[in-house]
Every structure is written in C-alpha cells, then in structure tokens.
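Worth saying up front: this structure is predicted, and the values here are computed from it rather than measured. Here is how names work: the chains are called A, B, and so on, in the same order as the sequence lines, proteins then strands, and each is numbered from 1.
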Amino acid sequence: MNQLLYANFSRLKKDIFFRIGVLFLFAMGILMPLSLFSNMKKYGYPIPLESGYCFYVLFMAIFSSVFCSLFIGTEYNDGTMRNKLIAGHSRIAVYFSFLIVSITAVFLMCLAYLVSSLCTGIPLLGFFSDAAFPVVLGHVGAIFILAVAFTAICTAVAMLCQNKATTATVCILGVFLLLFLGVYIHARLEEPEYYETYYLEAEEAIEENTSLTPNPSYISGTKRQVYEFLHDFLPGNQAVQLSSLSAVHLWKMSFYSLLIAVAATGTGIYIFYRENIN
Amino acid sequence: MDYVLTANAIGKSYKRFHALKNLSMHVPKGAIYGFVGKNGSGKTTLIRLICGLQNPTSGSYALYGTEHTEKAIRKVRKRIGAVVETPSIYLHMTAEENLKEQYRMLGLPSFDGIDGILKLAGLEHTGKKKAKHFSLGMRQRLGIAIALCGSPDFLILDEPTNGLDPQGIIEMRELILKLNKERQITFLISSHILDELSRLATHYGFIDSGHIVKEISAAELDHVCRKCLCLEVSDIRAFALTAERMGLEYHILSDTRAEVFSKTTVTQFVMPLAEAGCEVLSIHEREESLESYYMSLIGGKINESTVIR
C-alpha cells in the first residue's frame, strides 16, 4: 500500500490536470475578493469577506470529477493498472491508494482557494464578521467532507469503468446532473406558500389592499419531506446549499456525505475485487 | 523437472462463452516456452489469469509451486514480469520516468539499476523524449524494460513482435535470447508468428479452442519434424525385414504405410524391396516445419513436399 501511495503521489506531482485544478482554484481565490472589492468601491457599500466565500464548492465538485476520471482513467488507458496487479499488489490496496491520492488532490485544490482567497480578501475586505466566522468555518468543514463524498463516487466510477473517455463522460455529466438537480430542488423548496396579492380599490378614495393567494408551485406534505431529505442528502444539493452559506443541517449533511463515501467505496471495492481486468 | 508455471484443468468463462476449457500446461524453469495458437484460441486469456488480472472459473494454476488461491501468491508474483497485449507504460512520461515509477511501485530502495535496464532494452539514448513519441518497437522494449524492474525470473510476453518491423523483430529476439542466457530468465511467449518463435523457443505449447492440444520440447519437435521418406508398400512385413537388414530407422504407420528417417537414396532402398517381393506403390519426401506441425495438430492442411510416384 505504501509503495502504491508513493508511486501515485509522485505521479500526482506531475499530473497536468491536478496542476490545472490547483491553479484554477488558486486564481478563483484571488479573483473573488477582487471582484467584491471592485463592487464595494463602485456602489459604495461594505461587502463582507464571507459573501460568496464558499462558492468554490461548485468548482471543487466539477474538478473532482475531472481529476478522478482522468488520473485513474490514465491507468486503464495506458495499461499501467496491470503493472500494479501483476506486481502482486492486492486489489483493495490498489483501490485505496487511488482513493487516498484523489481525496488529497481535491483537498489541495480546496486549500489553494482558501489560502489565496484569505491572502487577497483580508487586506481588501477585512476579516469575517464575528457572527459569520463560525458559520463560514462550519461550511468550510462540511465542504471538505463533501469533497470526500464526491471523490469517492468519482473514484468508484473510474475504478470500475475501464474506458477513460467513458469514465470522464460519466463522471463530469454525473456531477453536472447532481448540481442541476440541486439547483432545481433548492428552487422548488424556496417557493413561498402564499403570494401576496396587491389590488387597489377606487370607490370614494383610493385604497390599497393585500391578500394572500396560495402558491400552486409550493410543495407540501410528504413530497416536501422527501425533497427536504434529498436536499440534505444528495451531494449536488449539499454543494448548492454550501455555496450560498445557507446550509442549516451541517452535521446531518456531513453525516450523509460520509455515508455516501462509505457506500460508494464499499460498492466500488466489492465490484473491483471481482472485475476482469483487460 | 522444476516448473515455473503449472496449470491444472483451468477453465474460464465469460457468461456463456468458454474461453478456456480444462487447460493444463507446464512451463519448465529456464525455458523459452512458445505458446502457439490462432487468434481467439485463448492465449491472452490464459496470460491474464496467470498475471492475476482475472480469476479462473474452474481449475487452478501454480507459480513456483504456489497455488493461485494461496495468500503467498502475491509474494511470488513479485518474481514475474509481464507485457500483456500492449506495453503498459505511461505515455506522458519518458522511459526513465516510467522505470522510476515502476521502481517506486515495487518498493525498490534506489534507482541504481535503471541505467542498466535502459541500456539492456536499447533505450539509453531516449533522453527527454516522451513515450507517446516512441515507435512501436521502442514502446515494446520499454514495456519489457518495465517488466524487468525488480529482476524477475519469469517473463510473460504476449505477442512481443506484433507490429514490429524486421529490424525490431530481430532486436526483440536478441533481447529475449540474451535475457534467457545471461540472466536465466524463463519466458512464456505467446505468438502466432511461428517462424519467429521457432528461432527462440525451447518448449512449445499448442492451444486450440481454449485447451492445450500438445506440449512438446523443441528437441522432440525437431525429432518429429525431421526429414523422412513416406512409403506406401504392398507388403509391410517384407518392408520391415528389409529395413532391419539395411539398418535403417523406420516407423510403421499402417499395414501399407511407413516412414524411413535414415539418409538413403530411393534406388538403394527400392531395389532390395523389389528383391524381397515388396512393391513400392508410392514414395514421397516429407519435412515438417513448425507451421505444418501446428496445422496438422489443429486439423488444418499439412504442407508436404513433392510426391514421387
């Protein structure tokens, strides 16, 4: 296992997609506070550092799918996965070595953002407000755990699919699908129960009246409970909530992320152990 | 005899397709074992099983006496190297980087042997050229170089000369012979280029439709394939008596057919037979090649030389 980790980490150092991911998120970390600072100057009102701070979670999800599918896909594409098995390494060790390296790579991408955004943001916008600091800290922690879930899913797909192009397509499309589903469910849950209807009565004097009209798009009952569960459970939904710093059930979400990671890895190892490698 | 690999009634099925059926084979230590069979006969499937990439559906195999189901097989696998189908190399890395990666993966303490392996494989001058820019022959050699990391004593090569030009084929052959002689590495080479294989192999295993049809050493094959006169005679007893009297090496095939292996002219042999009252109905010379032997084994046409009547 140590030998596999050593070999995979040395490959990671030279991996072009890992470098691109780190550089991209590092650049994002600089551009986000700069953009906020520019808006602050333009409109003349203070913008705190925490606004939009966790938006990088969406890029983390996309980059984890790109990185895992290409890093592990190369092993099948170039046939080097065979070398590891021929050399007598167990399939479980091979699987875990890729999972650990992939999680580390995605963590490093996230760290690149955090470091650059803090270094740029604090001098321009000041530190987080006292009230926001624990919220941001909680969200950043949940993002790291969510990164484990995303990476575990993508690693499972990449380890079980022996075609690099198919792996990349499935992983990237899958992550986008999860994110779109997240946005959709988020939007449905945000629908108000009632509309406020304004109307004017002009008999003797003009009078302004309001009344509450039920919103037909509002989800209620069991369906709402299912949507709320999915909103906390699905990685794409978690990413949407975390990106807007609006997640309420952080502990529950992190527990679900770990559950997903364990389930994906368990299933991945079970199938990979029995898989015929070409 | 010490065997590096013994396969015992191995079977491998993919859903309803049986790729290997009851296959048994024996690769002696120090041999260059030519694994001969047509496309789809199950050569690569067997190699994948031996390399641990797939598991047999039935039967078992042993490497250096260790059964594939034993835990110790993982340690034994460190003694083997393989190039299965295409060379397993990182295309975005140089030859040296590829070898370093393999060294790390094998847990070798230093990169000391890399220069030697590169030189042995004829890749010492590739410098910073990435493997994706290598020719097919260079990639094959790099594949073998990677398989040589960790000093294995059993190398499995699946179609090593596939797609190589004549120069590449010669270089590959010389490399295999060199490794076999100098490092006593046992080889299992699958191929359907029989002429090329006949220049290398010390043992052969012929596979057809997923099972071994015949295992034979090169010496035995030479013996079987040597030049002979095939005769059809009217009296086989008279033929035998005459051949015995003349001190000829012969082999009776049926009541009317026989083969004579000793060097003799037709006249020298036919005259005494006529005197003994044995009529020669037909006579022809036969020299079997590996190709014709293989074809006769799997039920194809046998190439025979000119028939004299």
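A cation-pi contact, defined as under 6.0 Å to the ring centre and within 45° of the axis, is absent between A:Arg91 and A:Tyr273.
The contact between B:Tyr14 and chain A is made entirely by side chain atoms (from C-beta outward), counting heavy-atom distances below 4.5 Å. Only the side chain of B:Ile146 comes within less than 4.5 Å of a heavy atom in chain A; its backbone stays farther off. Contact annotation for A:Thr80: both backbone and side-chain heavy atoms come within less than 4.5 Å of a heavy atom of chain B. For A:Asn2, no part sits under 4.5 Å from any heavy atom of chain B, backbone or side chain. Heavy atoms closer than 4.5 Å to chain A are found nowhere in B:Lys132, neither backbone nor side chain. At a 4.5 Å heavy-atom cutoff, the contact between B:Leu106 and chain A is made by backbone and side-chain atoms alike. Heavy atoms closer than 4.5 Å to chain B are found in both the backbone and the side chain of A:Ser90. Using a 4.5 Å cut-off between heavy atoms, B:Pro87 touches chain A through its backbone atoms (N, CA, C, O) alone.
To the nearest 0.5 angstrom, B:Leu20 atom CG is 10.5 Å from B:Arg48 atom CZ. Rounded to the nearest 0.5 Å, atoms CZ (A:Phe180) and CG (A:Leu173) are 10.0 Å apart.
In this structure a side-chain-to-backbone donor-acceptor pair under 3.5 Å is present from B:Glu70 to B:Glu67.
A salt bridge is absent between B:Lys100 and B:Glu97; no separation between the charged side-chain nitrogens and carboxylate oxygens falls under 4.0 Å.
Per-residue heavy-atom pair counts under 4.5 Å with chain A were compared for B:Gly107, B:Ala147, B:Cys149, B:Pro152, and the maximum is reached by B:Gly107. Interface summary for chain B: among A:Met81, A:Glu75, A:Arg274, A:Lys14, the most heavy-atom pairs under 4.5 angstrom belong to A:Glu75. Counting heavy-atom pairs closer than 4.5 Å to chain A, the top residue among B:Arg79, B:Lys78, B:Met93, B:Glu85 is B:Lys78. Contact count versus chain A (heavy atoms, under 4.5 Å) is highest, among B:Lys75, B:His92, B:Arg74, for B:Arg74. Contact count versus chain A (heavy atoms, under 4.5 Å) is highest, among B:Ile80, B:Val84, B:Thr44, for B:Val84.
Annotation: A:Phe59 is in aromatic contact with A:Phe24 [ring centroid separation under 6.0 Å].
A 6.0 Å sphere centred on CZ of A:Phe26 holds no more than 12 heavy atoms belonging to other residues, nucleotides or ligands.
Relative ring orientation between A:Phe229 and A:Phe233 is described as parallel, the plane-to-plane angle staying below 30° on a 0-90° scale split at 30° and 60°. The aromatic rings of B:Tyr64 and B:Phe154 lie perpendicular to each other, with more than 60° between the two planes, well past the 30° mark.
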